[in-house]
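Chain letters run A, B, ... following the sequence lines, proteins first, then strands; residues in each count from 1. Note that the coordinates shown come from a computational prediction; the quantities given were computed from them, not determined experimentally.
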Protein chains: 2
Amino acid sequence: MAPSTRARLVEAALRLFAEKGYGSTSVADILKAAGVHSGSLYHVFPTKQALLLAVLDEYLEGIRSMLLEPAWAGVDDPVERIFALLAIYRHFLVETDFLFGCPIGSVALELHEPDPPVREKLAANFTAWKKAVAACLADAQSRLPEHVDINRLASFVLTTMEGAVMQARTYRSVEAFDASVDSLRDYFDLLLATATARQAPGAHARHPRRVSRNARNIQKGEPQ
Amino acid sequence: MAPSTRARLVEAALRLFAEKGYGSTSVADILKAAGVHSGSLYHVFPTKQALLLAVLDEYLEGIRSMLLEPAWAGVDDPVERIFALLAIYRHFLVETDFLFGCPIGSVALELHEPDPPVREKLAANFTAWKKAVAACLADAQSRLPEHVDINRLASFVLTTMEGAVMQARTYRSVEAFDASVDSLRDYFDLLLATATARQAPGAHARHPRRVSRNARNIQKGEPQ
DNA sequence: GTCTATACCCTGATAGAC
DNA sequence: GTCTATCAGGGTATAGAC
């Protein structure tokens, strides 16, 4: 079955908004990419912003099938799943020569008026992302120190991803991205070691030589 | 001496770009805010982008006097200086009802074409910011574990700031900002404790109950 | 160097035939 | 539902008198 006009528009807009941002993408760009004419677009969506809202819904709906499942294929350890998720963004950046980062983040920083409907959908996307990370942390809770607040840490993981993507795009280089993710990994190593020390109080919690560098390896493979 | 036309334009553009972003600020907006007429602007700057470049130079030039010195007034400890710097951004966000975040970051995510001159100046601003943080880390080096890479960690601090600002602006709330900065603080606490454990190998490196919550307090005060 | 007036283009959005 | 043609408005940038 051929995709509907609406589906073609959302798909094209999704790609263009991610690549060029919302403001820098003109309706004409979308029409051309979707092979649709102006009248048809405005038959389906009353305004350009309504199309953005549909795109943000599409992102939210596809977070599992388009993002999490590809990232987590073959990765079972919950902590490694977090770094596999970050590795997907690295893959996107490298693959697109730093054109494509996080579409939600790009649009988020374009918002300058309150603009409640758009902001709410952006927030919903961030929240769903963090919830997925928080679920991983919950799975690993027994290996983490008691004081760790899972939601707070999930926020920090999202912060790391968005900040790392921003630097990668600005420098057109993965160096700062890797530096950030490596630092987050170091933090996780310390947390895991701290919890181990607590469980086995006889052992000193020296800084562990980390062994799991697989976030770096995963990104070489295709995200399906 | 009255400010020159050029200075008034740069000042107005600096504020407007920070508040509304580059693309969403029209030349007409700048002219009105600066009390300058079109002909005068284009007598000084050939294009709007040239004005942006001047604004980015102004930021880079003012990083010490406008950002670091206010943030660090009365703060001598190098680690606390890092958190005082983050607290300034929190202050900006709260003070402007989440309108104003990091002007460099906002413009950075607006870039979608390679656009080398702008990108280079954004990168220079990021690099200068990280260099200031790295200098703090160098001052604290004796208290940090040997394995810590100062530049990598400085990148991570910038990542944390930018990601935290993005979330704060999206949610229009400091909650996720605070969660990220608190997590970074936790990481620093662990690093400092790890280094202490190394220096005094008899002591267990338990997770320390952190005492320094002053990043939260500093932001209440005026940044001068 | 500063002003007014305006050129020229691209934007989002619409009208109305088919 | 889809097409062509087009509108009204705001965008950057310019021309040219003073």
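Remark: P of D:dA5 and CG of A:Leu41 are 19 Å apart, rounded to the nearest angstrom. B:Leu9 has its CG atom 13 Å from the P atom of C:dG1, to the nearest Å. Taking atom CZ of residue B:Phe45 and atom P of nucleotide C:dT2, one finds them 12 Å apart after rounding to whole Å. Straight-line distance from the CG atom of A:Asp29 to the P atom of C:dG12: 8 Å, rounded to whole Å. Distance A:Leu52 CG to C:dA13 P: 12 Å, rounded to the nearest Å. For the pair B:Arg8 CZ and C:dG1 P, the computed distance is 13 Å after rounding to whole Å. One can place CD1 of A:Ile30 at 10 Å from P of C:dA13, the figure rounded to the nearest angstrom. Rounded to whole Å, atom C1' of C:dA13 lies 16 Å from atom NE2 of A:His43.
Panel note: side chain A:Arg8, backbone A:Gly35; a donor-acceptor pair is recorded below 3.5 Å. A donor-acceptor pair under 3.5 Å is formed between the side chain of B:Glu110 and the backbone N or O of B:Gly23. Formation of a donor-acceptor pair under 3.5 Å by the A:Arg119 side chain with backbone atoms of A:Glu113 is found in this model.
Of the candidates A:Tyr187, A:Phe177, A:Phe156, B:Phe156 forms a ring pair (Phe, Tyr, Trp, His ring centres under 6.0 Å) with just one, namely A:Phe156.
A sub-4.0 Å separation between OP1 or OP2 of C:dT4 and a side-chain N or O of B:His37 is present. B:Tyr42 has no side-chain polar atom (N or O) that falls below the 4.0 Å cut-off from OP1 or OP2 of D:dT14.
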**Item:** Residue pair A:Phe83, A:Phe188: steps toward the ring pair (Phe, Tyr, Trp, His ring centres under 6.0 Å) verdict
**Value:** CA-CA 10 Å; A:Phe83 287 93; A:Phe188 269 83; 5.4 Å; yes
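Using a 4.0 Å cutoff on non-hydrogen atoms, the parts of residues 14-26 of chain A near DNA chain C are A:Thr25, A:Ser26, ordered by number.
Scanning atom types as modelled, one donor and one acceptor separated by under 3.5 angstrom connect the side chain of A:Ser38 and the base of C:dT14.
A distance of 9.0 Å separates CE in B:Met161 from CD1 in B:Ile104, rounded to the nearest 0.5 Å.
In this view, B:Tyr22 satisfies the side chain to side chain donor-acceptor pair (under 3.5 Å) rule with no residue, not counting sequence neighbours.
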